[in-house]
Amino acid sequence: MQTIIISHKKELMPYFIQALKELPNNSGRIVHVLEKIHNYIQSGLIEIEGELKYEWHYQTRWVKTKLKKDGIIQKHYKKGSMQFWTLCK
């Protein structure tokens, strides 16, 4: 397995989507997605370099906003102040 190098936030988009697909009911909070992406990094699937290495949590939240704006993800439900996201059908 070859490690994929990521240096721009737009390159995080497919991993955001993959993370949602791997969560129960294809739904989860941003923190669940971040945990999955962290696991991808730890397993060597991806490596984040450059400035993104130090701000990928923050930039992943912008990825969520872009995916929502593009109609790829949507709010699934809200539990208190916790927002859950899912892929659009």
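This chain uses plain numbering: 1 for the first residue, then up along the sequence. As a basis for the values below, the full set of heavy atoms in this structure was taken, side chains included, without hydrogen atoms, waters or symmetry mates. Since the model is a prediction, treat every value here as computed from it, not as a measurement.
- Within the model, atoms NE2 of His8 and CD1 of Ile48 stand 13.0 Å from one another, a figure rounded to the nearest 0.5 Å.
- Residues Lys75 and Phe84 fail the side-chain proximity criterion, which asks for heavy atoms closer than 4.5 Å.
- Atoms CG and CE, on Asp70 and Met13 in that order, are 6.5 Å from each other to the nearest 0.5 Å.
- Between the side chain of Gln83 and the main chain of Tyr77, a donor-acceptor pair closer than 3.5 Å is present.
- Taking all atoms of both residues into account, the shortest heavy-atom contact from Val63 to Lys9 is CG2-O, 3.3 Å.
- Put simply, Phe16 and Ile5 are part of two different groups of oily side chains (I, L, V, M, F, W, Y) that touch within less than 4.5 Å, one to the next.
- The hydrophobic clustering, which links ILVMFWY residues whose side-chain heavy atoms are closer than 4.5 Å, places Leu12 and Trp62 apart.
- Distance check: Lys64 NZ to Lys69 NZ gives 13.0 Å after rounding to the nearest 0.5 Å.
- Annotation for Cys88 and Gly71: closest pair SG-O, 3.1 Å, computed over non-hydrogen atoms.
- Side-chain atoms of Ser27 never come within 3.5 Å of backbone atoms of Leu23 as a donor-acceptor pair (strictly under, hydrogens ignored).
- A distance-only check finds a donor-acceptor pair linking the side chain of Thr86 to the backbone of Asn26 [under 3.5 Å].
- At a threshold of 4.5 Å between non-hydrogen side-chain atoms, the residues Ile41 and Trp56 count as touching.
- Side-chain contact between Lys36 and Leu20 is absent, with no heavy-atom pair separated by less than 4.5 Å.
- In this structure, Leu52 CG and Glu47 CD are separated by 11.5 Å, a value rounded to the nearest 0.5 Å.
- Minimum interatomic distance between Ile30 and Arg61 (heavy atoms only, all atoms of both residues): CG1-CG, 4.0 Å.
- Nearest heavy-atom pair across Lys21 and Leu87 is CG-CD1, 3.5 Å.
- Taking OG1 of Thr3 as the reference point, atom CD of Glu49 lies at 11.0 Å (rounded to 0.5 Å).
- Considering every non-hydrogen atom in both Ala19 and Val33, the closest pair reads CB-CG1, 4.0 Å.
- Atom CD in Glu35 sits 7.0 Å away from atom NE2 in His32 (nearest 0.5 Å).
- In this structure the side chain of Tyr15 reaches within 4.5 angstrom of the side chain of Ile6, judged on heavy atoms.
- Heavy atoms from other residues, nucleotides or ligands lying under 6.0 Å from CG of Asn25 number 12 at most.
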